[in-house]
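Only one structure is covered here, and it is reproduced in the block below.
Residue numbers start from 1 in every chain, and the chains themselves are labelled A, B, ... in the order their sequence lines are given, proteins ahead of strands.
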Protein chains: 2
Amino acid sequence: MEKTDLIQLKHLEAKQKMKFGVSVDGVIFGFDENELKVLLIRCDMEPYVGQWSLVGEMVNLDETLEQAANRILFNQTGLKNVFLQQVKTFGILDRHPYGRVVSVAYNSLLKIEDFKLNSNSNENEAHWHDITTLENLAFDHMEILNTCLNKLRKQVREEPIGFELLPEKFTLSQLQNLYERILGVELDKRNFRKKILKMKLIVDLQEYQTNVAHRPAKLFSFDKERYEQLRKSGLIFDL
Amino acid sequence: MEKTDLIQLKHLEAKQKMKFGVSVDGVIFGFDENELKVLLIRCDMEPYVGQWSLVGEMVNLDETLEQAANRILFNQTGLKNVFLQQVKTFGILDRHPYGRVVSVAYNSLLKIEDFKLNSNSNENEAHWHDITTLENLAFDHMEILNTCLNKLRKQVREEPIGFELLPEKFTLSQLQNLYERILGVELDKRNFRKKILKMKLIVDLQEYQTNVAHRPAKLFSFDKERYEQLRKSGLIFDL
DNA sequence: ACAAAAGTGTTCGCTCTACACCCATGG
DNA sequence: CCATGGGTGTAGAGCGAACACTTTTGT
């Protein structure tokens, strides 16, 4: 057999392997009632019927992974233009009843206030779950979730993505609480404020809370333009 | 139609989508002649015939992604138990002549001395390329390589993976050179040594270089046990 | 003796950490 | 007037950056 024939044969064999399914699983994080939460749905697939699972679907043959992730997110939440980031692809054998399916996990961060506005229309079974009390998820979703949570914890120390989880206007205490919950540590109030304000990534709105039974807190917002500037010139950020 | 029928239908439709190919592309890094290098092969697939490409193959239906990555690495280098880490999955449309193929990119770091010992048997066209002078790779491999290189640069600042690229016994100057090449910066010799030695991750072997036309340097080796200890107790590492 | 790389300490500024009290509001 | 969370500064320790000369070997 000639060398070119061998190559043709190799390519023919390779095409026999195109029988994979590819799914996208979205790990959708929100922050509410002072807790970090993840959005889960009820699984309708044997042998996991009734168990909680991440929000996932098969990727269509004519859409990119990013498009699939955005589609899934929109179907569940009614939201577009939400923070979305690929984390890792899971490809062990027998992880899915359909056959050989590899799953690409995406982290998504959204402001729960937006979710509430957009999710009243759908009657699906999606619910927010406190991340500290999860067990017995469908498929290998427990592993996926742990991996994605670790990624979030690492990333939140290095980039100002925490803002994606807060309302447009927030107080420094809310921000500190968010970090404490994600990282699972207590932070010193004065040091935290100094560090955050020195970065100049948040803007003092000169507004205050109202109707609170204590001294009203100042409201701030995230300065995305300044963030992009810093990023181009080599951002350094540490918790 | 009943609800359970709808669910069955949904699952049938989903199975129609299982026509993906999944490939693994290995970005195999080595360090030699004081340069960071990547292993490339000649592509034999239209329309990229003759162009340089990453080392990639289709994943078999009965192997995991990790197994595929290890298989590819072994076929090209004859090496097992090499540092291997998933980086990202690339899934745009029309990136591959076979049809819809998503590719999972893996970073691999190896000691080039080991490679030389194991690769004499194969007659393939793999060659090491200086990472600073690459262009016109096949497929979307230029993008994959850039993503993987950025990951390496980031990771090398946070974890002691640089040792994977050096011989068992190395000098502090070699180590410093490695960091300088990967990061593309110059480092202060005294400060670098202080920082590295303070971490206690390397062991003074009480041996010296021989046959060098200058004062012989001390040889060190990486202390993997101590690294695992530190990791468990929350390793902090910075360049 | 000379070329070439190895090896070694100190100073200064900055950053991180620990820590305690007064303030503004609603009830 | 009391309960609740908001808001503020300083001192000490540790860390990172800058910097120049002596040592050892081969030729």
Check: Atom CG of A:Asp188 to atom C1' of C:dA20: distance rounded to whole Å?
Finding: 11 Å

Check: When all nucleic acid strands are considered with a 4.0 Å heavy-atom cut-off, which category describes B:Thr171: base, sugar-phosphate, or nothing?
Finding: nothing

Next item on the list: Could you state the atom-to-atom distance from CZ of A:Arg193 to C1' of D:dG9 in whole Å?
Entry: 14 Å

Note to self: Using the side chain to side chain contact (heavy atoms under 4.5 Å, CB included) definition, which of the options B:Leu73, B:Leu65, B:Asn70 pairs with B:Tyr106?
What the structure shows: B:Leu65

Notebook entry, point to check: Ignoring hydrogens and angles, does a donor from either the side chain of B:Arg190 or the base of D:dA17 sit under 3.5 Å from an acceptor on the other?
Noted result: no

Note to self: Is A:Ser173 close enough to D:dG5 that one of its side-chain N or O atoms is under 4.0 Å from OP1 or OP2 there?
What the structure shows: no

Next item on the list: Please confirm whether B:Lys88 makes a cation-pi placement over B:Phe90, using NZ or CZ under 6.0 Å from the six-membered ring centre and within 45° of the ring normal.
Entry: yes

Between the protein and nucleotides 10-14 of chain D, are there any N/O to N/O pairs under 3.5 Å, and if so, what are the atom names and distances?
from   : atom 1 : to       : atom 2 : distance (Å)
D:dT10 : O4     : A:Lys194 : NZ     : 2.7

Next item on the list: Could you pull out all residues at least two apart from A:Phe139 that satisfy ring-ring contact (aromatic ring centres under 6.0 Å, His included)?
Entry: A:Tyr48, A:His96, A:His141

Next item on the list: Identify which one of A:Val38, A:Ile112, A:Leu40 satisfies the side chain to side chain contact (heavy atoms under 4.5 Å, CB included) criterion when paired with A:Trp128.
Entry: A:Ile112

Taking N or O atoms only and anything under 3.5 Å, show me the protein contacts with nucleotides 21-23 of chain C, one pair per line.
from   : atom 1 : to       : atom 2 : distance (Å)
C:dC23 : O4'    : A:Arg215 : NH1    : 3.4

Next item on the list: Check the distance between C:dA6's P and B:Phe192's CZ and give it to me in whole angstrom.
Entry: 12 Å

Note to self: Nearest whole Å is fine: how far is C:dA6 P from B:Gln174 CD?
What the structure shows: 9 Å

Item checked: Interatomic distance, B:Tyr208 OH vs D:dG26 C1' [rounded to whole Å] -> 18 Å

Next item on the list: Starting from P on C:dA6, measure out to CG on B:Asp204 and report it in whole angstrom.
Entry: 15 Å

Note to self: For B:Gln86 and B:Val104: C-alpha separation, side-chain torsions, deciding distance, then whether side chain to side chain contact (heavy atoms under 4.5 Å, CB included) applies.
What the structure shows: CA-CA 7 Å; B:Gln86 194 189 115; B:Val104 187; 3.6 Å; yes

Next item on the list: Could you check B:Pro216 against A:Ala217 and say which one's nearest nucleotide on DNA chain D is further toward the 5' end?
Entry: A:Ala217

Check: What residues form a salt bridge (charged side-chain N to carboxylate O under 4.0 Å, His left out) with B:Lys218, not counting sequence neighbours?
Finding: B:Asp204

Next item on the list: Find which nucleotide of DNA chain C each of A:Val212 and B:Leu219 is nearest to by heavy atoms, and output the residue with the more 5' nucleotide.
Entry: B:Leu219

Notebook entry, point to check: With a 4.0 Å cut-off, would you call B:Glu158 and B:Lys151 a salt bridge?
Noted result: no

Checklist line | Closest-nucleotide 5' rank along DNA chain D - winner of B:Thr210 and A:Leu172 | finding: A:Leu172

Check: Choosing from C:dG26, D:dT25, D:dG26, which nucleotide comes nearest the side chain of A:Ala213?
Finding: C:dG26

Note to self: For B:Trp52, give me all partners under ring-ring contact (aromatic ring centres under 6.0 Å, His included), at least two apart in sequence or on another chain.
What the structure shows: B:His127, B:His129

Item checked: ring-ring contact (aromatic ring centres under 6.0 Å, His included) involving A:His214 - partner list, sequence neighbours excluded -> none

Check: Atom CZ of B:Phe170 to atom P of C:dA6: distance rounded to whole Å?
Finding: 14 Å

Margin query: Could you tell me how far apart B:Asn177 (CG) and C:dA5 (P) are, to the nearest whole angstrom?
Written below: 10 Å

Next item on the list: For atom CD of A:Glu168, decide whether the heavy atoms of other residues, nucleotides or ligands shown that lie under 6.0 angstrom number more than 12.
Entry: no

